[in-house]
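Below is one structure, written out as structure tokens; the observations come after it.
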Protein chains: 2
Amino acid sequence: MNPAPTPPSRLDLPESSRGVLRRLATHGPATRPQLAKVLGLSRPTMSAVMPELMDLELVSSGGSSRGATGRSAVLYSLAAGAGHVLGVEVGATRARVVAHSLDGEQIAAREERISARRRNITDAAVSTTMELCEKVLAEVGDGHGPLRDVVVAAPTKPSTKPTAVSTSGLQPDGVEQLAAALPVPDDVPVIVENNVNCAAIAEHRLGAAQNQDTFVYLQVGVKIGLGIVVGGKLMHGAHGASGEVAMMPFPWSPGEEPARAGLEEYLGSEALMARCAEVWTSGNGPVPKDAEALFQAAARGQSTARRLVDQHATDIGRLAVGVMSVLDPGLVVLGGGVGQNQLLLPGVRRATTALAWDTEITVGALGEHATVLGAVHIAITRALDRLT
Amino acid sequence: MNPAPTPPSRLDLPESSRGVLRRLATHGPATRPQLAKVLGLSRPTMSAVMPELMDLELVSSGGSSRGATGRSAVLYSLAAGAGHVLGVEVGATRARVVAHSLDGEQIAAREERISARRRNITDAAVSTTMELCEKVLAEVGDGHGPLRDVVVAAPTKPSTKPTAVSTSGLQPDGVEQLAAALPVPDDVPVIVENNVNCAAIAEHRLGAAQNQDTFVYLQVGVKIGLGIVVGGKLMHGAHGASGEVAMMPFPWSPGEEPARAGLEEYLGSEALMARCAEVWTSGNGPVPKDAEALFQAAARGQSTARRLVDQHATDIGRLAVGVMSVLDPGLVVLGGGVGQNQLLLPGVRRATTALAWDTEITVGALGEHATVLGAVHIAITRALDRLT
DNA sequence: ATTCTGTGTTCGGTAGATTAACAAACTCAG
DNA sequence: CTGAGTTTGTTAATCTACCGAACACAGAAT
């Protein structure tokens with residue numbers, strides 16, 4: 001009859017209990033007075049809340065922390081039984097599955113390479129991922145409470161929006177099927193999130209963007225992509241296609257016609273290596289096999305390699321300017337196989353300051369683990385939102 | 001001692017009263033049962049709330065609305081004494097000042113042209129604006145409650161963020177000084193907001209974007225700019241410079257070096273008219289004086305004009321693609337002296353579908369009034385936020 | 001006039017928090 | 001070892017903001 005004032009939630013807890021639970025999950029163990037102060041609650045309220053949460057086995061009391069004077073306070077932390085969460089990364093060359101508890105502690109982790117004959121998600125990748133998933137869940141056992149959420153990171157559009165826009169070269173169906181077929185109970189929510197978005201969240205929570213609530217994660221590798229965090233939350237766009245910077249008009253000048261996804265064709269690492277092969281002279285030794293090798297040559301001071309890397313840095317810097325001129329992020333974090341490389345940084349910065357205003361630019365702090373970690377943290381956030 | 005659980009607000013009202021007040025302001029008059037249903041409140045609660053709000057002179061009871069059967073219900077609406085708000089637009093060629101009540105009804109309005117010798121805000125513009133402001137306030141009188149907020153729309157960065165970034169050609173100080181010197185009581189909050197952002201908000205509340213919570217307002221005129229609305233709220237960016245698309249790298253291709261603000265130099269209406277003068281042949285009659293005239297010639301079917309307009313539409317479409325590929329807005333609203341023109345639409349759409357995915361593109365519904373109206377609506381929102 | 005149906009009020013009750021007062025635990029100084 | 005000083009936790013009384021149920025009120029149709 002009456003629309004619920006608070007959205008329906010599994011647990012029916014008062015606001016104060018939710019606050020305490022969330023705080024313990026996001027900021028680790030704390031005493032009652034600490035919690036009371038930070039949440040603006042009174043001691044009697046804490047006296048009601050803590051037993052309630054302990055009865056539900058969501059919180060456990062650990063040691064005690066005593067100050068210089070006065071009675072010592074007992075420490076509370078999230079109980080093991082509060083539950084756990086899965087982060088799954090499935091890409092063209094690798095699959096990873098990680099389990100964390102709701103307070104962000106890792107419980108189990110597995111990964112495996114996938115033979116990379118194709119550039120998209122194959123059936124082999126899917127079955128490998130399912131196996132990893134089973135192994136991780138077995139390792140978790142049942143001492144860690146219920147599995148509360150699963151997030152699959154894949155080079156696809158996020159699954160939240162129903163409308164499908166086909167811009168990337170992958171079969172979205174494959175990943176959606178994987179999400180549906182994962183060996184988890186039916187009542188566990190599973191979503192697919194874009195891998196770049198996941199990496200952005202990871203850098204926000206654990207990495208290079210911890211102090212920036214509004215920033216951008218620019219992934220540069222075989223493909224290019226962008227994750228946008230505004231006010232601590234991911235931007236998805238109307239079709240889940242925000243950050244598809246591969247579609248930026250390029251080449252773009254009075255005399256030239258842009259090509260569809262022309263920017264990716266030019267900035268992707270394959271194009272970089274093609275240009276490399278073209279200008280490489282025999283006196284320089286063997287042509288670098290991959291971007292990794294090219295950057296190593298540049299680091300050794302090899303001049304052709306240096307020139308290629310500098311040019312690439314400038315190009316990425318211009319892409320960054322394109323993004324900055326729309327969003328004005330406080331920070332640009334570079335990631336991905338190529339973007340990760342420290343050698344790029346000066347060139348990128350030079351290009352951005354030349355064309356726009358000063359904005360902090362860094363390399364991601366989490367390397368190739370950013371994506372899974374981001375998936376797991378999105379899962380934690382979702383679980384907590386549902387719980388509180 | 002204890003941090004306030006709710007942020008400090010002038011009025012100390014219960015949640016339910018705030019809800020009622022807000023609802024009446026944003027959705028116009030309503031009866032108690034209607035309010036109760038939509039806000040999820042009970043009749044006894046309404047019985048407590050309405051007298052409280054009437055005592056504060058925030059709400060007044062008007063006529064009565066009777067259904068087909070049963071007792072007729074009393075209609076309530078925002079009281080005149082609830083207050084009013086000012087929207088001020090100051091540009092290079094025109095100043096406008098508008099007063100609205102908190103429910104969005106216009107109370108008074110004035111505007112004046114400014115001799116446009118310069119491209120920025122002159123002292124003359126400032127004093128003209130102050131005079132308009134005084135006249136409007138005099139016309140409002142004191143039958144409309146307190147002045148609660150003022151928003152100044154100007155082609156500058158918004159004033160909310162302290163960090164200054166100098167990208168546009170204006171003196172930000174001039175506008176800030178205007179804001180500080182406006183003939184309003186000292187305790188009335190005054191902010192400066194970017195004019196394009198204001199226009200975006202106006203199209204969202206009253207115009208072409210009413211059904212889209214996430215969209216983009218692309219202004220194309222003498223200068224180009226972008227207003228970004230995400231989840232119903234303006235995006236400002238870390239330095240208030242979001243939407244500065246004039247800084248996009250252009251020209252941008254393997255062979256060319258982008259110039260600082262090169263895109264504005266190419267897409268601004270002055271550049272358009274320069275190209276026009278260049279290709280115009282004497283057999284076509286006199287060279288069009290301004291963009292307006294050029295578009296009229298195109299509308300008449302004049303082929304050189306048509307070609308120029310088509311090319312311009314394509315160029316704007318590519319800019320739109322650049323924006324879409326970052327944000328994936330559900331809708332792009334075109335505004336500004338040039339962008340407003342219906343003739344552009346097909347060409348813009350052609351360019352976007354060629355390079356990206358299908359996204360709705362429209363022309364703004366509010367014309368040149370968008371900016372002031374947006375300012376006034378931002379002011380209303382701020383006043384309401386402070387009040388509730 | 002009576003009945004039916006919505007509108008508004010009165011009364012009593014509940015959930016969730018608070019302040020105030022008190023009891024318990026810990027440190028340190030004599 | 002004892003007691004002062006300090007902090008933690010509990011208990012009791014109260015307050016605020018809401019709800020449900022019952023009732024009184026007003027208009028339209030029988």
Side-chain angles (χ1 to χ4, degrees), chain A residues 1-9 11-23 29-56 59-77 388, chain B residues 1-9 11-23 29-56 59-77 388:
Chain A
M1 192 69 35
N2 199 2
T6 44
S9 64
L11 286 333
D12 184 23
L13 293 172
E15 205 55 47
S16 49
S17 305
R18 297 167 195 277
V20 169
L21 189 59
R22 168 157 246 124
R23 176 77 193 184
T31 66
R32 287 192 195 190
Q34 288 166 352
L35 292 166
K37 171 159 280 182
V38 80
L39 297 173
L41 298 172
S42 65
R43 278 176 306 205
T45 302
M46 297 305 299
S47 241
V49 163
M50 300 317 296
E52 185 180 17
L53 290 174
M54 303 217 9
D55 283 355
L56 292 168
V59 159
S60 63
S61 62
S64 69
S65 113
R66 67 191 189 292
T69 166
R71 178 174 170 175
S72 54
V74 323
L75 260 182
Y76 294 87
S77 44
T388 65
Chain B
M1 194 69 36
N2 199 3
T6 43
S9 64
L11 287 334
D12 184 25
L13 294 170
E15 206 53 46
S16 50
S17 306
R18 297 167 196 276
V20 169
L21 189 60
R22 167 156 247 126
R23 176 77 193 185
T31 66
R32 289 193 195 191
Q34 288 166 352
L35 291 166
K37 170 158 282 183
V38 81
L39 296 175
L41 299 172
S42 66
R43 277 178 304 204
T45 302
M46 297 306 299
S47 243
V49 162
M50 299 320 293
E52 185 179 16
L53 290 174
M54 305 228 349
D55 283 354
L56 292 169
V59 160
S60 63
S61 60
S64 69
S65 116
R66 66 191 188 296
T69 164
R71 177 174 170 178
S72 52
V74 179
L75 257 184
Y76 293 88
S77 44
T388 65

Point to revise | side chain to side chain contact (heavy atoms under 4.5 Å, CB included) between R32(B) and R43(B), worked out | key: CA-CA 8 Å; R32(B) 289 193 195 191; R43(B) 277 178 304 204; over 6 Å; no
Exercise for review: Taking the side chain as every heavy atom from C-beta outward, state whether M50(B) and S17(B) have any atom pair closer than 4.5 Å.
Suggested key: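 No, too far: nothing below the 4.5 Å cut-off.
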Check your understanding: V74(B) versus T31(B): any side-chain heavy-atom pair under 4.5 Å?
Key ->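 Of all side-chain heavy-atom pairs linking T31(B) with V74(B), none is under 4.5 Å.
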Check your understanding: Would you find a donor on one side and an acceptor on the other, under 3.5 Å apart, between the side chain of R18(A) and the backbone of L13(A)?
Key ->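 Yes, R18(A) side chain to L13(A) backbone: donor-acceptor pair under 3.5 Å.
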Check your understanding: Just wondering, more than 12 heavy atoms not from R66(A) lying within 6.0 Å of its CZ?
Key ->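 At most 12 heavy atoms, drawn from other residues, nucleotides or ligands, come within 6.0 Å of this atom.
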Restricting both atoms to N or O, compile the protein contacts to nucleotides 16-18 of chain D shorter than 3.5 Å, with distance only.
residue, atom, partner, partner atom, Å
dC18(D), OP1, S16(B), N, 3.1
dC18(D), OP1, S16(B), OG, 3.4
dC18(D), OP2, S16(B), OG, 2.4

**Study point:** From CA spacing to verdict: side chain to side chain contact (heavy atoms under 4.5 Å, CB included), M46(A), V20(A)
**Key:** CA-CA 9 Å; M46(A) 297 305 299; V20(A) 169; 4.1 Å; yes
Review point. How far apart are the closest heavy atoms of S65(B) and L75(B), and which atoms are they?
Key: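 It is CB-CG, 4.4 Å.
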Review point. Roughly, in whole Å, what's the span from CG in L35(B) to P in dT7(C)?
Key: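 It works out to 12 Å between those atoms.
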Point to revise | Atom pair CG/CZ of L39(B) and R22(B) - distance to nearest 0.5 Å | key: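 Between atom CG of L39(B) and atom CZ of R22(B) there are 11.5 Å.
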Review point. How far does CG of L35(B) sit from CG of L41(B), to the nearest 0.5 angstrom?
Key: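 If we round to the nearest 0.5 Å, L35(B):CG and L41(B):CG are 8.5 Å apart.
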Using nucleotides 10-14 of chain D, report all nitrogen or oxygen pairs with the protein that are shorter than 3.5 Å.
residue, atom, partner, partner atom, Å
dT10(D), OP2, R32(A), NH1, 2.6
dT10(D), OP2, R32(A), NH2, 3.4
dT10(D), OP2, S47(A), OG, 2.4

Check your understanding: Using a cut-off of 4.0 Å between protein heavy atoms and nucleotide atoms, how would you tag nucleotides 25-30 of chain D 5' to 3' with B, S and -?
Key -> BBBS--
Review point. M54(A) and S61(A): side chain to side chain contact (heavy atoms under 4.5 Å, CB included), yes or no, with the steps?
Key: CA-CA 8 Å; M54(A) 303 217 9; S61(A) 62; 4.0 Å; yes
